[in-house]
Colleague: 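One structure, as structure tokens, below. Some questions next.
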Amino acid sequence: MSASVAVYRSIYTEDRFKQAYGSEEKPPGGAARLRGRLAESCRCSRRACLHLLKERVPILNWLPRYRLKKWILGDTIAGLTVGILHIPQGMAFALLTSVAPIFGLYTSFFPVVLYMLFGTGRHVSTGTFAVVSLMTGSVVEQLVPSPLELNASSPEAADLQAQRIGVASAVALLSGLVMLCMFGLQLGFLSTYLSEPIVKAFTSAAALHVTVSQLQSMLGLRLARHTGTFSLFKTLASVIENLPHTNVAELLISLVCLAILVPVKEINMRFRQRLRTPIPVEILTVIIATGVAYASSLDSTYDIQIVGHIPAGFPSPRLPALHTFPDIVGDTVAITFVGYAVSVSLAMIYADKHGYSIHPNQELLAHGISNTVSSLFTCFPSSATLATTNILESAGGYTQLSGLFTSLVVLIVLLLIGPLFYFLPKAVLACINVASLRQMFLQFQDLPDLWRISKIDFLVWMVTWLSVVVLNVDLGLAIGVVFSMMTVICRTQRAGCSVLGRASNTEIYRPLENHSKCYEVPGVKILNYNGPIYYGNRSFFREEVSKLLNLTPERIRSQEKAMKALEKRERESTVNTVERGVANTWFPSENEFFKLETSENDVQAVLIDCSSVVFVDVAGARLFIQMCTECQKVGVRVYLASCNESVLKILTSSGLMNYINPQHIFVTVHDAVVYIQQQKEKPPENTTTVWV
């Protein structure tokens, strides 16, 4: 069933529409608006203070409304499950950071408690994250490299560990301060510059770095850790070169652990809807491996590397190595952006899934406080983690209160159970690291769909992945971001300029190349440009318009000579003309314009549809003036339609109204077309209507 619609109304130019429907009162200027905002923000009242406190400490907002009977069981089970996973994961990721495993347990406790107080993501689990730990470990190895032959119980080893955790804590402190500064400047939107293809490619490539870095622990090799560009290939070459020195016992331990971890994690993933809680295979593997190593004395019999002494109790507060700030600032900025981007991305994913919203700037505050405060307790940088966040949500967590039960599990280990992991083989922790990266490697499955949907996003994915793998984690990320932004710039520079045609008996205008049944309005060239007009693409825009309108320099000169000759003949034939007012050479009457000797097929007017022009800068506005001048030299009038307020303001401020009649700027394309057609057919009337 089809229906026809007829619309009858007056033709609206922008001026006429504003007179009819615009606001009578002008909004205050920029300075007045700024003063108003400052005055509003400086007002102090009990209600405003309470609102600000609840906004900055979200637990005060959601805890009084907590549904105890409905949510407490899910939060308890999810929190305990994630807490059990935090124990082996924290110790494993501490090895990535090149510090003792105990510091991974500290980092699995303090940030969890702090995020529960200040975070807005209900299903976000914070703690140690493989990518952030790997990047931090690179900084630690650069500043405090470890000698290959060093007795773990010697005073030199203890001093080395103190220096290493001092650097790692300094990175955490500086990262937290950077986040707090970003919060103060309300820069939460910067996370949007890390698009989904960049984040997925980066995490996949970083997973490969993590896997290669763990090979030496899985094979029982004592090798120096390589950092900087091409570090992955250097490490891989070093491992291959030393394969004959593989410790067979540690290799067997690694193979057995992987044979257990990978299938069970696959079961957890495939049957997560049926399992109330995932099988805690990591902690079970740690317990069994520790027991076997203790009973068999593997460390002394087969010379395997074990975790060693894990002190019980809380760490004493102490300042990080502040003197390293100048050396770590560049790497820390990269670590900060990675940690924040991953955290906000995860929070947004689960917020959309469960129908609530998060606040990026508040997330900056939460993670900034978490890193700043925890750095004083010998913690390295933390962020939201992929594996534990997924488990927290699938285990039935509802709110941030699950973090309380997670921290209780880690606290019990810190106070009581920690020393029992003395005989835990480091190869087991390496296997846990590798097995936890399964989801990151599976992101390769998205590539066929990405290629089908967007070739440019596919290219961004590949460039980022190759850059991270070949060069380094932080440098590769920077290249990925720059390349992604370059694709955006190139797309705005080469936005298409199309000729619009009208669908018969409608007010609908569409590009002619895609709509063969639309027809071009006789004598009117309607142009649509799908992008901003600014200094970066003004030359391309001018080239496209000149080609479509045939505005060659030869034609402009010949037409200008013809028009001057015509004016000269009119002056010679006209005597004693009585002028009414001052003549405007730019705006001859509409009737005189359409009486010029032109054929029916010649372009007499060009109408620019600005509906897709998001913004115009000064260079773009000057280009409009130049185009108007050139068009008028060849006898072609310029009309504008569908300009947004900001574009119209810039064009007006730049002086375009001195070169184009203000009455030639219309609300819609159809208003302009009807107006042009009426000027060709009859003199203008006081009232005209737009008809379809």
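Predicted model, so just to flag it, every value in this text is computed and none were measured.
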Colleague: Do T336 and S175 pair up side chain to side chain, a donor and an acceptor below 3.5 Å, judged on atom types alone?
Modeller: yes

Colleague: For L424 and M91, run side-chain contact (heavy atoms from CB on, under 4.5 Å): C-alpha distance rounded to whole Å, both residues' side-chain angles, the deciding distance at 0.1 Å, then the answer.
Modeller: CA-CA 10 Å; L424 174 63; M91 292 192 292; 3.8 Å; yes

Colleague: Looking at side-chain heavy atoms only, is the closest gap between F421 and I102 below 4.5 Å?
Modeller: no

Colleague: Partners of D331 by side-chain hydrogen bond (donor to acceptor under 3.5 Å, both in side chains), sequence neighbours excluded?
Modeller: none

Colleague: Please enumerate all residues that pass side-chain hydrogen bond (donor to acceptor under 3.5 Å, both in side chains) together with T399, with sequence neighbours excluded.
Modeller: D75

Colleague: Are L180 and L365 side-chain neighbours, meaning at least one heavy-atom pair lies under 4.5 Å?
Modeller: yes

Colleague: Does some side-chain heavy atom of V140 sit less than 4.5 Å from a side-chain heavy atom of F380?
Modeller: no

Colleague: Using the ring of each side chain (for Trp, its six-membered ring), is W62 parallel, tilted or perpendicular to Y66, with breaks at 30° and 60°?
Modeller: tilted

Colleague: For the atom pair CD (Q400) and NE2 (H123), what is the distance rounded to the nearest 0.5 Å?
Modeller: 9.0 Å

Colleague: Looking at Y350, I'd like to know if the NZ or CZ of R122 sits under 6.0 Å from its six-membered ring centre while staying within 45 degrees of the ring's axis.
Modeller: no

Colleague: Around E196, counting heavy atoms of other residues, nucleotides and ligands shown, do more than 12 lie under 6.0 Å from its CD?
Modeller: no

Colleague: Dump the intermediate steps for salt bridge (charged side-chain N to carboxylate O under 4.0 Å, His left out) on E241 and K234, then the final yes or no.
Modeller: CA-CA 10 Å; E241 183 181 354; K234 293 176 183 177; over 6 Å; no

Colleague: When you compare the side chains of Q89 and S108, does any donor N or O come within less than 3.5 Å of an acceptor on the partner?
Modeller: no

Colleague: Begin from the C-alpha positions of E250 and K426 and carry the test salt bridge (charged side-chain N to carboxylate O under 4.0 Å, His left out) through to its verdict.
Modeller: CA-CA 9 Å; E250 289 188 274; K426 289 186 177 181; over 6 Å; no

Colleague: Quick one: are the ring centres of Y115 and H367 less than 6.0 Å apart?
Modeller: yes

Colleague: When you check the side-chain N and O atoms of T120 and Q362, is any donor under 3.5 Å from an acceptor?
Modeller: no

Colleague: Hey, what's the ring geometry for W461 with W465, parallel, tilted or perpendicular (30° and 60° as the breaks)?
Modeller: parallel

Colleague: What pairs meet the ring pair (Phe, Tyr, Trp, His ring centres under 6.0 Å) rule with one or both residues in residues 266-319, with sequence neighbours excluded?
Modeller: F109-F314, F110-F314, Y294-F423

